[in-house]
Amino acid sequence: DNHNLLNLATDEKFLLELRDEYPIADWPNCAYKLQMAAEAMDESAIMTIHSWCNRMLHEHAFHSGDLFNQNLVTNQHELIYEIVRDYWRTFIAPLNYQEFIQFKKFEFATIDDLFKQIINLINHVTIINDAAEPAVTLSLINNHNQNILKKIKEPWLNWIPELKDLFEHAIKNKLANGNKIKKYNDWLTKLKEWCLDPQAITPELTVKAKERLSVSGIADAWKANPPQHPAFIAISELDNELNELININESLLGHAIHWVANQLTIVQNRLATISFNDLLIKLDLALQGANGETLTKIIKKQFPVIMIDEFQDTDPIQYHIFDTIYRIADNDSSIAIILIGDPKQAIYSFRGADIYSYLNAYQKCNERHYTLKTNFRSTTTLVDATNYCFEAAELSSEGAFLFRNQNYNPIPFIKVDANGLIDDFYINQINSSVITIWLLEDAEINKNNYRNDIAQQCAQEIVKLLTLARNQ
């Protein structure tokens, strides 16, 4: 009521500013609208994006061009697997021996492997580049890449024996720190194997080895007057030079995904079936089609206010649908689209969620942002420790989340306040540290082994904590 609005007991700047936008005389009517909205909240339509798209296609079938009677299929794996088998018979089985041997080196060397790749990517076929069929791709791209690789590798055949002499001379005469270059034989062997294998793209050197063979690495290893050699410059530029290669893997997979997707559409039309991802694609295409403008007006009239929770997990197609309908940048006062999300919680990239969709929408909101700054779920000590870590990272040139570009940072870290909990974390009656950092000391370990070792440590720690809890 008016009295409650007048004596609003809150320090929330947003609520106070919202109230003060209206004359005091209008507050009773504002209070009435808020009360009615609160009472009608349970009548709001709450749907997943897929179910909402399905509803729009069916309710507006004339304007969307959708079939009236279609069966929604929740799992198409068997159908897609059969189409992948057809693809293999059509394009892979006819390859000649040399082409097939080369094909077998990729991540989809069997029908099952190819199926696994396609099933993860087919929902994003619209943003994947198509390519020529495998026989043509293997021939054209392989010739292109072989010419580049030959040019890159050619000088190394002369450099490797020169480097061997250089390292042996340095160790014999104690010109360098032997511990820092003790693995030179292993490094040179890997470089030689790379040079002699026409199909090898990059030498199997660890990041540490590449750093040691660079100009700065050699300067660090030598006690004085580090040697000059073109190989030390070349090793630093190798990754950039290899970027000129065309990714055969992407081209082969691109053709397979497009062919399978096209065949899937043909079969679905024949069987009058539709998948969850088709719901998104069909509505997006309908909004761009001949009746798109009419369909947009109908949907806006039906849903003048829409709220999207966990917006950071939307994919490009989902974002495009809502931006087409509600035109986020226009800020039309007759409608409202409220996007609720946190880019720091974007964890679903594996299923197509795109943080850049969030950033695009963020920019189109043109400073129409509101930040929830109080944490109600965690202890004060945990919030303080988290703030400390991220504030330190925010001081780096790229920012805490690696998106800062000169003076602009689309995802800044904002310090969070803690509402606080009465609970705390104790181990054996001792108040535990809120954050523990583990570091493996083996500098030469590769990324996969590092992850496996850390995962094992975490699992053991979880078992220990659960056991302690059970015995309390």
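Position 1 is the first residue of the sequence; numbering continues from there. Every value quoted in this text rests on a predicted model; they were computed, and no experiment measured them.
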Quiz question: by atom type and distance under 3.5 Å, do the side chains of S275 and N277 form a donor-acceptor pair? no
Ion pair E461/K464, N-O distance below 4.0 Å: yes
Is the side chain of T374 donor-acceptor paired with the backbone N or O of D417 at a distance under 3.5 Å, no angle test? no
Taking N360 for its side chain and Y356 for its backbone only, find out whether a donor-acceptor pair lies under 3.5 Å. no
Side chain to side chain, V267 and L79, heavy atoms closer than 4.5 Å: yes
Any chance the rings of F390 and F401 have centres within less than 6.0 Å? yes
Evaluate the criterion side chain to side chain contact (heavy atoms under 4.5 Å, CB included) for residue pair E391 and F413; output intermediate values, then yes/no. CA-CA 7 Å; E391 283 181 321; F413 174 72; 3.7 Å; yes
Looking at D342, is its backbone amide N or carbonyl O close enough to the side chain of Q312 to form a donor-acceptor pair, meaning the two atoms are under 3.5 Å apart? yes
Any side-chain heavy-atom pair of L157 and L196 under 4.5 Å: yes
Please identify each residue that fulfils side-chain contact (heavy atoms from CB on, under 4.5 Å) with A329, with sequence neighbours left out. K364
All side-chain hydrogen bond (donor to acceptor under 3.5 Å, both in side chains) counterparts of S214, not counting sequence neighbours: S216
Roughly how far, to the nearest 0.5 Å, is the CG atom of L205 from the NZ atom of K183? 11.5 Å
With a 4.5 Å cut-off on side-chain heavy atoms, are F115 and I80 touching? yes
Test ring-ring contact (aromatic ring centres under 6.0 Å, His included) applied to Y22 - qualifying residues, sequence neighbours left out: none
I'd like to know if the side chain of E99 and the backbone of N96 have a donor-acceptor N/O pair within less than 3.5 Å. yes
Measure the shortest side-chain to side-chain distance between H77 and I119 over non-hydrogen atoms and say whether it is less than 4.5 angstrom. yes
Could you check if a side-chain atom of K192 sits within less than 4.5 angstrom of a side-chain atom of L188, using non-hydrogen atoms only? no
side-chain hydrogen bond (donor to acceptor under 3.5 Å, both in side chains) filter on T436, not counting sequence neighbours, yields none
Can you pull the salt bridge (Lys or Arg N to Asp or Glu O under 4.0 Å) pairs that have at least one residue in residues 449-459, sequence neighbours excluded? none
Side chains of I306 and I325: does their closest heavy-atom pair fall under 4.5 Å? no
Strictly by salt bridge (Lys or Arg N to Asp or Glu O under 4.0 Å), give each pair with a member in residues 120-132 just once, sequence neighbours left out. none
Return the minimal non-hydrogen interatomic distance between P198 and L149, and the atom names on each side. O-CD1, 4.0 Å
Any pair with a residue in residues 285-306 that passes salt bridge (Lys or Arg N to Asp or Glu O under 4.0 Å), sequence neighbours left out, goes on the list, sorted by first then second residue, please. E293-K297
With side chains defined as the heavy atoms from C-beta onward, is the minimum distance between L295 and L283 less than 4.5 Å? yes
Say you draw a straight line from OG1 of T265 to CD1 of I274; how long is it, rounded to the nearest 0.5 Å? 10.0 Å
Donor-acceptor contact present, side-chain S139 to main-chain A135, <3.5 Å: no
Partners of H50 by ring-ring contact (aromatic ring centres under 6.0 Å, His included), sequence neighbours excluded? F276
Please lay out, stage by stage, how L242 and I148 fare under the test side chain to side chain contact (heavy atoms under 4.5 Å, CB included). CA-CA 8 Å; L242 293 175; I148 294 177; over 6 Å; no
Can you list every side-chain hydrogen bond (donor to acceptor under 3.5 Å, both in side chains) pair that touches residues 147-157, not counting sequence neighbours? none
By ring-ring contact (aromatic ring centres under 6.0 Å, His included) - contacts of F100 (at least two apart): none
One should read off an interatomic distance between I92 CD1 and T110 OG1, to the nearest 0.5 angstrom, of 11.5 Å
Could you tell me whether a side-chain N or O of H320 sits under 3.5 Å from a main-chain N or O of P316, the two making a donor and an acceptor? no
Sequence neighbours left out, what passes ring-ring contact (aromatic ring centres under 6.0 Å, His included) with F91? Give chain and number order. Y87, H255, W259
If I compare all heavy atoms of L138 with all of L252, which pair ends up nearest, and what's the gap? CD2-CD1, 4.0 Å
Measuring from atom CG of N419 to atom OG1 of T379, what distance do you get when rounded to the nearest 0.5 angstrom? 12.0 Å
The side-chain hydrogen bond (donor to acceptor under 3.5 Å, both in side chains) partners of Y81 (sequence neighbours excluded) come to D112
Cut-off 3.5 Å, side chains only: do D278 and Q268 have a donor facing an acceptor? yes
Heavy-atom pair with the smallest gap, counting every atom of A234 and W159: CB-CZ3, 3.5 Å
Report, as yes or no, whether the 6.0 Å neighbourhood of atom CD on E78 holds more than 12 heavy atoms from other residues, nucleotides or ligands. no
R404 side, atom CZ; I411 side, atom CD1 - distance, nearest 0.5 Å: 12.0 Å
With a 3.5 Å distance limit and no angle check, can you tell me whether D330 reaches the backbone of Y326 through a side-chain donor-acceptor pair? no
